[in-house]
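Worksheet: one structure, shown below.
Chain identifiers are assigned alphabetically (A, B, ...) following the order of the sequence lines, protein sequences preceding nucleic acid strands; residue numbering begins at 1 within each chain. All figures in this text were calculated on a predicted structure; none of them were measured in a lab.
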Amino acid sequence: MDLSNLNQKQREAVTSIGGPMLVFAGAGSGKTRVLTYKIAYLIQEIGLDPKNILAVTFTNKAAQEMKSRVHNLINVPIDGISIGTFHSIGANILRKEIKILGYENNFSIYDQTDSRSLIKTIIKDLDLDLKMYDPKTAQIRISQAKNNMQSPDELLSSSYNRIEERYAEIYKIYVNRLNENNSVDFDDLLVLPIKIFQESEEKLIKYQDKFKYVLVDEYQDTNKPQFELIYSLTKIHNDIFVVGDDDQSIYGWRGADISNILNFNEAFDNSKVVKLEQNYRSTQNILSAAWSVVSKNSQRSDKQLWTENEKGDLISILESFNERNESSKILKNFLEVKKNNQDSKNSDFVVLYRTNAQSRVIEDEFRKAGIPYQIIGGVKFYDRKEVKDLIAYMRLIVNHNDSVSFDRIINFPPRGIGKTTLNKIHSLLDDKKILDVISDLSLLDVGKKQKKSINDFYNLIRLYSDKSKNQSPSLLINDLIHDLGLKEYYMNQNTTESNDRWLNIEECINSIADYELLNKDTRLSDYLQEVSLLTDIDSWNKQDDVLMMMTIHSAKGLEFPYVFVGGLEEGLFPIVRPFEDGDIEEERRLFYVALTRAHKKVFLSYAKSRRKFGGEPIKTAASRFINEIPKKLINLDFISFDESHTNVQHNSNISIGNIVEHKLFGKGKVVNIEGEGANSKITILFFNNERKKLIYKYANLTILKES
DNA sequence: CTAAGTCACCTTTTT
DNA sequence: GGTGACTTAG
């Protein structure tokens, strides 16, 4: 195999076979190349069968790309390889083995919304107050417990008050309900395979034997179950190869444990470490800026990127009056770069931001200018109501236990089944399948009309269930939509909104057809699994010449010649939450990730005031991260004040983050300010955890500490 | 039971 | 400025 495209370190990583290896791969150091060559090398030079390789990537898209790159390198079919995200690999294992745990292999995969609505039902069933026992909090607690691999009983015994105990109780019921619904949530996709391996030595050996070589990308963002999974799979043969960069660890908030990478050689005996420090992506100036920022972090492995690339442009700072102004400056600079670089394409540019909410204003500006763009993230296609409704039909057709989907569609489109009737159905549930409950309506005490429509619904689902055994998903869905009269339903409303909804249904039909084309002999359940694990980024077509907009989290692993980062303001990036020392080091790593996406040029932008929730503008200050970049790397010419807007009043000396005292309510922290001056409304989170909104001029606050 | 209208909370980040 | 939960009139 020709390895002349690799530098010496990369070659070492590729050719050193056997035993655990950790590759510290800095941003732009050829990490993907190393992984691709490694897989190709294992197949071609070592003679490993592709089906004995497990490769974990961070997105499904990355998996697809890796597969085709390896194929291009060695020209041998590698269809047998197991490659995908942790979640999709977990799902595939469960499809085959979940019977051991008392589920059927046609299980549904619940997303966050589905799982939250199940939790909500449970809290209501327990007659608990939804204000006191918040479904969202419960969901977070449960997810954390699962990611710590804590059982409901373990959570219960570690609870320190009544409320926490209740959450543990909700957790316990939730686990049972999922099981009764023959459904799993996202966390289960990681945790249940581990459980199978714990309970069945035979299965564990089977998979240890199958996955003779295990490779993991973005290792710095693995969490406890993910570590556990690969640890148990590789325990015997020890052939594990991981690639990562602790400086790019940005998923701590969802349980990713940076110590997985920092302590790799303690977990895996006799491991080797290779550091890739030569960067091929960015200019020297960008790298120096990135370095000056991330080196402020205390918890990091020792390494420093270097490059042979030219110094390049300085980093430009764009200062704006407000978020609208910011958007137009981004647009203006985009147009200018394009003008000065005639061969640059729209797709050479990306606009990054900390939160999805920031995209709207920027989007407006580019739409008005007629620049084609695509937004990744935000409200996902498969999260839309109409799409979820359709998916719920498919799920119930496949899985008759799925009560969450049942509840969703029993009265959609409206067929006269209300809350009362639904409650009566649920009271007959016991441990039956939800669909079987309505197979016999003699026990159900509801009106004639209701009975008729429930019965029609039952027959419809049964009919399509039978059809699904020998009809292709796309034909099936077309018929179903026709039978439900969905087109008429949306068209009759004849609003822009309902028209949009119908278009989304059509897009959904297309996506099924596409999926069918790419995957022979697809069953409905395959498509459903695909859909639940798909993210926006997976559907991004790189061929399209469009400018991209996305959060920095979504941009992980991507690169662009020109990068704009918007909203570099204290409180937004880095984001800070009252009474919680948010992880500033993780925010800094996020900023590092943002900078290192760029090949040629970075624009950092901030606004001096910004609206939140469409409310009054709030004064904002430039992000500390901007000040962490040495002045010599910054192009100050780009700082321009908007003269027309300089007469802003800023007479109140109170600002977000101040600790204040109120005569009546005591001490608290300012978390929000709406408006300016004496009439501004100050939101204060008092130390007794009460939140109050006060008018500044009446509140008579004493500022105890400036933030 | 439905549809239309009001309200509260929201925004970190995602598989 | 958007969503989902709750309310109220038919």
Side-chain angles (χ1 to χ4, degrees), chain A residues 56-63 84-91 109-113 115-117 120 124 130-131 134-136 143 146-147 184-190 218 221-223 225-226 249-256 323 352-361 364 376-380 382-385 411-422 446-447 449-450 453 493 495 497 529 531-538 550-556 567 571-577 580 582-583 586-587 589-591 593-594 610-615 672 683 691 693:
Chain A
V56 185
T57 56
F58 207 69
T59 62
N60 294 299
K61 188 177 180 61
T85 62
F86 271 109
H87 288 86
S88 65
I89 284 161
I109 300 173
Y110 283 175
D111 66 18
Q112 226 156 8
T113 320
S115 112
R116 190 170 301 170
S117 65
K120 203 174 158 192
K124 277 191 199 153
L130 279 168
K131 291 226 170 61
D134 173 32
K136 195 174 150 192
S143 180
K146 285 193 179 185
N147 280 311
V184 304
D185 64 16
F186 279 143
D187 298 320
D188 287 337
L189 294 175
L190 309 172
E218 306 282 7
D221 280 323
T222 50
N223 64 16
Q226 289 167 344
S249 161
I250 54 177
Y251 281 94
W253 52 273
R254 84 173 191 206
E323 72 276 4
L352 302 177
Y353 33 78
R354 179 67 236 272
T355 66
N356 285 305
Q358 289 165 252
S359 70
R360 181 168 315 282
V361 208
D364 282 349
I376 302 283
V379 181
K380 286 169 199 66
Y382 292 100
D383 267 351
R384 290 170 202 206
K385 216 182 288 160
N411 198 33
F412 175 84
R415 46 172 77 88
I417 310 298
K419 215 160 123 189
T420 329
T421 312
L422 187 56
V446 298
K449 241 182 172 168
Q450 276 78 356
S453 73
Q493 295 173 23
T495 59
E497 202 195 328
Q529 171 169 326
V531 159
S532 17
L533 300 177
L534 221 54
T535 60
D536 260 19
I537 201 112
D538 295 323
M550 64 185 88
T551 63
I552 301 161
H553 283 91
S554 296
K556 180 159 115 156
L572 182 59
F573 192 17
I575 222 156
V576 279
R577 300 173 77 187
E580 261 178 60
D583 191 347
E586 183 154 310
E587 294 290 315
R589 290 193 292 269
L590 200 53
F591 185 55
V593 169
R610 184 176 294 272
R611 274 171 214 277
K612 252 185 185 170
F613 313 129
N672 200 3
T683 308
R691 189 186 280 262
K693 200 186 263 189

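For the residue pair A:S359 and A:N356, no side-chain donor N or O sits within less than 3.5 Å of a side-chain acceptor on the partner. Checked by atom type, the side-chain pair A:D187/A:S143 shows a donor-acceptor distance below 3.5 Å. Residues A:S115 and A:Q112 have side chains that never bring a donor and an acceptor to within less than 3.5 angstrom of each other.
As judged by a 4.0 angstrom heavy-atom cut-off over every strand, A:K385 is placed among residues touching the sugar-phosphate backbone only. Within the nucleic acid shown, A:F86 has no heavy atom closer than 4.0 Å to any nucleic acid atom. Residue-level contact check: A:R360 touches the backbone only, with heavy atoms under 4.0 Å from sugar-phosphate atoms and none from bases. Counting non-hydrogen atoms under 4.0 angstrom, A:S554 reaches the backbone sugars and phosphates but no base.
The A:P414 side chain lies nearest to B:dT2 when the options are B:dT2, B:dC1, B:dT15. Comparing B:dT15, B:dT12, B:dC1 against the side chain of A:T421 picks out B:dC1 as the nearest. The side chain of A:Q112 has B:dT15 as its nearest neighbour among B:dT2, B:dT12, B:dT15. Comparing B:dT2, B:dT15, B:dT13 by their closest approach to the side chain of A:N411 singles out B:dT2.
As a whole-Å value, the separation of A:L190 CG from B:dT14 C1' is 13 Å. Following rounding to the nearest Å, A:K612 (NZ) and B:dT12 (C1') show an atom-to-atom distance of 10 Å. In this structure, A:L352 places its CG atom 13 Å from C1' of B:dT13, rounding to the nearest Å. Rounded to whole Å, atom P of B:dT15 lies 8 Å from atom CZ of A:F186. Between A:K380 atom NZ and B:dT11 atom P the separation is 13 Å, expressed in whole Å.
Bracketed by its first and final contacts, the part of DNA chain C lying under 4.0 Å from non-hydrogen atoms of chain A reaches from C:dG1 to C:dA5 in 5' to 3' order.
The aromatic ring of A:F613 is stacked on the base of B:dC10, with the two ring centres less than 5.5 Å apart and the planes inclined by under 30°. Under the stacking definition used here (centres under 5.5 Å, planes under 30°), the residue A:W253 qualifies as stacked on the base of B:dT13.
Using a 4.0 Å cut-off between charged nitrogen and carboxylate oxygen, A:R254 and A:D221 do not count as a salt-bridge pair.
For A:Q226 (side chain) and A:L190 (main-chain N/O), no donor-acceptor pair under 3.5 Å exists by modelled atom type.
Taking the six-membered ring for Trp and thresholds of 30 and 60 degrees, A:Y251 and A:F58 have ring planes inclined between 30 and 60 degrees apart.
Distances shown here put a side-chain N or O of A:T535 below 4.0 Å from the OP1 or OP2 atom of B:dT15. Note on A:N356: a side-chain N or O is less than 4.0 Å away from OP1 or OP2 of B:dT13. OP1 or OP2 of B:dC1 has at least one side-chain nitrogen or oxygen of A:T420 nearer than 4.0 Å.
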